[in-house]
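Data first, discussion second: the structure below is written as structure tokens.
Side chains are part of it too, since the values below use all heavy atoms of this structure and drop only hydrogens, waters and symmetry mates. Proteins get letters first, then strands, A, B, ... in listed order; numbering begins at 1 in each.
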2 protein chains.
Amino acid sequence: MSTADLDRSVDDDATLEADVFARACLSRPVLQTITGRWGGLVLAALGESPYRFSALRRRVDGVSERMLSQTLQQLERDGFVHREVQETIPPKVEYSLTPRGEQVAERLLGLIDFVESQMPDILADQDRYDSR
Amino acid sequence: MSTADLDRSVDDDATLEADVFARACLSRPVLQTITGRWGGLVLAALGESPYRFSALRRRVDGVSERMLSQTLQQLERDGFVHREVQETIPPKVEYSLTPRGEQVAERLLGLIDFVESQMPDILADQDRYDSR
DNA sequence: CCGTATCCTTAACGATACTG
DNA sequence: CAGTATCGTTAAGGATACGG
């Protein structure tokens with residue numbers, strides 16, 4: 001089956017207006033990576049400063065070694081994170097944001113900050129919703 | 001994690017200054033809802049216009065009835081989405097963004113648009129990463 | 001120290017049938 | 001039309017042991 005059926009005409013900005021609502025849209029997995037359970041937190045953390053693996057794991061509370069490793073690989077693959085290996089003994093690996101990663105982290109931080117600022121009201125709304 | 005989940009009786013909320021990096025941070029599930037697999041797309045869709053259930057399901061390609069229903073409930077619970085029932089026959093239910101939801105959708109759209117704009121470069125980076 | 005590989009558990013998901 | 005309930009499946013996640 002083709003997902004191109006619901007053709008929303010490509011408008012003025014042409015090229016990149018791929019429909020994010022389309023099931024097979026290539027940007028979906030990328031968005032999933034950066035907004036998923038750990039991706040957003042990792043990007044936010046690296047927005048503060050570069051981190052080494054262990055330090056990052058401590059910073060992002062609750063992430064397992066496996067998931068952190070996996071998340072970092074995805075972020076590196078998509079060009080959001082840069083991985084720098086220092087061949088010392090013991091070895092050190094530093095993770096930092098690429099320019100693209102910084103742009104994303106910036107926007108992500110804006111979202112996080114807004115939600116944090118709304119938390120008192122959100123919690124109140126949740127309580128109202130739950131008690132009926 | 002057990003289903004004991006979030007302790008609603010915040011014994012002493014002197015600090016809503018909660019650290020998003022902390023495992024038990026109350027904002028994490030909220031962020032999860034809006035950035036999760038369907039939450040973001042639903043908010044983005046409702047940012048275009050209000051939708052009724054079926055129309056929304058058609059707009060967000062690939063979402064099942066079950067997941068759409070569940071996602072909308074969470075978004076309504078957190079005060080991002082307003083649900084309006086019209087007692088007609090057949091019944092109609094219209095979903096729209098609350099002011100809070102609009103603020104989030106705005107930021108989410110910014111993120112989505114940026115990623116879309118980067119897709120050509122991201123795909124190239126992915127290819128480079130995969131071929132080694 | 002920086003991970004990867006393995007195993008196993010849990011949560012998310014989709015399809016479908018059914019109710020108000 | 002707008003969902004909820006149930007069930008089987010799949011993907012995500014955590015713990016840990018071990019290699020580089």
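Taking atom CG of residue B:L75 and atom P of nucleotide D:dG3, one finds them 13 Å apart after rounding to whole Å. Taking atom CD on A:E65 and atom C1' on D:dT16, their separation rounds to 9 Å, with Å as the unit. Taking atom CE on B:M67 and atom P on D:dT4, their separation rounds to 13 Å, with Å as the unit. Residue B:L72 contributes atom CG, which lies 17 Å from atom P of D:dC1 at whole-angstrom precision. Atoms CG (B:L56) and C1' (D:dC1) sit 14 Å apart, rounded to a whole Å. Protein atom CD of A:Q32 is 13 Å distant from nucleotide atom P of C:dA12, rounded to whole Å. Rounded to an integer number of Å, the gap from B:Q73 CD to D:dA5 C1' is 13 Å. When the P atom of C:dA11 is taken as reference, atom CZ of B:R28 falls 16 Å away, rounded to whole Å.
Checking the phosphate oxygens (OP1, OP2) of D:dA2, a side-chain nitrogen or oxygen of B:S54 falls inside 4.0 Å.
Comparing B:G62 and A:Y95 by the nucleotide of DNA chain C whose heavy atom lies nearest to each, the residue mapping closer to the 5' end is A:Y95. Comparing B:R66 and A:W38 along DNA chain D, the residue whose closest nucleotide (by nearest heavy atom) sits nearer the 5' end is B:R66.
Across D:dC1, C:dG14, C:dC1, the shortest atom-to-atom separation from the side chain of B:P90 is found for D:dC1. Minimum atom distance to the side chain of A:R37 is reached by D:dG14, of the listed D:dG14, C:dG14, D:dT4.
Looking only at atom types and distance, the side chain of A:R37 has no donor-acceptor partner in the side chain of B:Q32 under 3.5 Å away.
Using a 4.0 Å heavy-atom criterion, one finds that A:R83 contacts the sugar-phosphate atoms exclusively.
Judged by the 6.0 Å and 45° rule, A:R107 forms a cation-pi pair with B:F114. The cationic group of B:R57 does not satisfy the cation-pi geometry with B:F53, failing either the under 6.0 Å distance to the six-membered ring centre or the 45° limit from the ring axis.
A heavy-atom distance below 4.5 Å is not found between the side chains of B:T98 and B:V81.
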task: Determine, stepwise, if the pair B:Y95 / B:H82 fulfils side chain to side chain contact (heavy atoms under 4.5 Å, CB included).
output: CA-CA 6 Å; B:Y95 293 92; B:H82 175 67; over 6 Å; no
